[in-house]
Amino acid sequence: MEVDQFLRDDRSRRAFFSTAGVSLAGGSAVLLAACGGNGGGSTSTSGGGQSTGKSGSGDVAILNSALDLEHMAVAAYTAGAPLLKGATLKAAKQILMQEQEHAQGLMQAIKQMGGTPNKAKPASAYNFPKLSNAMGVLKFANNIENTAIAAYIDAIPKLSDPKLRQTAAAITTDEAEHVTFLLQGLGMKPGFPDAFVTGKK
């Protein structure tokens, strides 16, 4: 499927993002995470690990869902890099490094809470739309970044640890900076359309 068709087809987008642990609901992205608990016992995380206590297990599940999204972003930028050139390629590689840093930070936080970080999937498992040129790569990356912004915004109030909320907010800001670059690459003026960033459908 071509990128433009993928972006127009809501069912394809929903199916695609569900493979990364992200569900699109009500026009925004929400992390699929077990934010509650069943009493005071341990709760299994999405990565198979366990954490002691209700709040800890919920945080681990949320972070693992975010980690799935970061793994997908790394795979997408890696797949698209061969189609980029010059300054655009250089900037995309910097973004890729930052997405990898996000993933490493999330993995470390999950381990510190006694959980097991979800592993990255092979690129073929994501079934990316066909990326045939630089514009397609930038459009697709912009879609992923906006989904990430909405997902982190949804996750922040669900995290019980203030430090984790701060980390998630910092990542959200970085993803928004990525969107600014991608919009410029697409020949669009980033602008300041809203006072509150929410991510786009």
> Calculate, to the nearest 0.5 Å, the distance between atoms CG and NE2 belonging to Asn118 and His71 respectively.
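Going from CG on Asn118 over to NE2 on His71, the span is 6.5 Å.
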> Can we say Asp154 and Lys158 salt-bridge, meaning some charged N sits less than 4.0 Å from an Asp/Glu carboxylate O?
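Salt bridge between Asp154 and Lys158, a charged N being under 4.0 Å from a carboxylate O: yes.
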> Applying the 4.5 Å side-chain criterion to the ILVMFWY set and letting contacts propagate, would Ile62 and Ile156 be lumped into a single cluster?
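In one cluster with Ile62: Ile156, no.
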> Could you measure the distance from the CG atom of Leu138 to the CG atom of Leu131? Nearest 0.5 Å is fine.
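Leu138 CG to Leu131 CG: 10.0 Å, rounded to 0.5 Å.
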> For Asp161, check salt bridge (Lys or Arg N to Asp or Glu O under 4.0 Å) against everything at least two apart and list the hits.
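Salt bridge (Lys or Arg N to Asp or Glu O under 4.0 Å) check on Asp161 returns nothing, list empty.
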> With sequence neighbours left out, write down each residue that passes ring-ring contact (aromatic ring centres under 6.0 Å, His included) with Tyr126, or none if nothing qualifies.
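Tyr126 satisfies ring-ring contact (aromatic ring centres under 6.0 Å, His included) with Phe128 only.
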> Please set out all donor-acceptor pairs under 3.5 angstrom arising from side-chain atoms of residues 99-113, sequence neighbours excluded.
unit_1	atom_1	unit_2	atom_2	d
Glu99	OE1	His102	ND1	3.2
Glu99	OE2	His178	ND1	3.3
His102	ND1	Glu70	OE1	3.4
His102	ND1	Glu70	OE2	3.4
His102	ND1	Glu175	OE2	3.4
His102	NE2	Asp174	OD2	2.9

> Do you see a donor-acceptor pair shorter than 3.5 Å between the side chains of Asn146 and Asn142?
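Yes, side-chain donor-acceptor contact under 3.5 Å.
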> Identify all side-chain donor-acceptor contacts of residues 72-96 below 3.5 Å with residues at least two apart in sequence or on another chain.
unit_1	atom_1	unit_2	atom_2	d
Tyr77	OH	Glu145	OE2	2.7
Thr78	OG1	Val74	O	2.7

> Do Arg8 and Asp4 sit within salt-bridge range, that is, some charged N less than 4.0 Å from a carboxylate O?
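Looking at Arg8 and Asp4, the cut-off is not met.
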> List the residues meeting side-chain hydrogen bond (donor to acceptor under 3.5 Å, both in side chains) with Asn133, not counting sequence neighbours, and say none if there are none.
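Asn133 satisfies side-chain hydrogen bond (donor to acceptor under 3.5 Å, both in side chains) with no residue once adjacent residues are dropped.
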> Which residues pass the side-chain hydrogen bond (donor to acceptor under 3.5 Å, both in side chains) test with Ser132, not counting sequence neighbours?
none
> Nearest 0.5 Å, what's the CZ-CG distance between Phe140 and Leu182?
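The CZ atom of Phe140 sits 12.0 Å away from the CG atom of Leu182.
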> Taking C-beta and beyond as the side chain, do Phe17 and Asn143 meet within less than 4.5 Å on heavy atoms?
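SC-SC contact between Phe17 and Asn143 confirmed.
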> Where do Leu159 and Asp59 come nearest, in terms of heavy atoms and distance?
CA-OD1, 3.3 Å
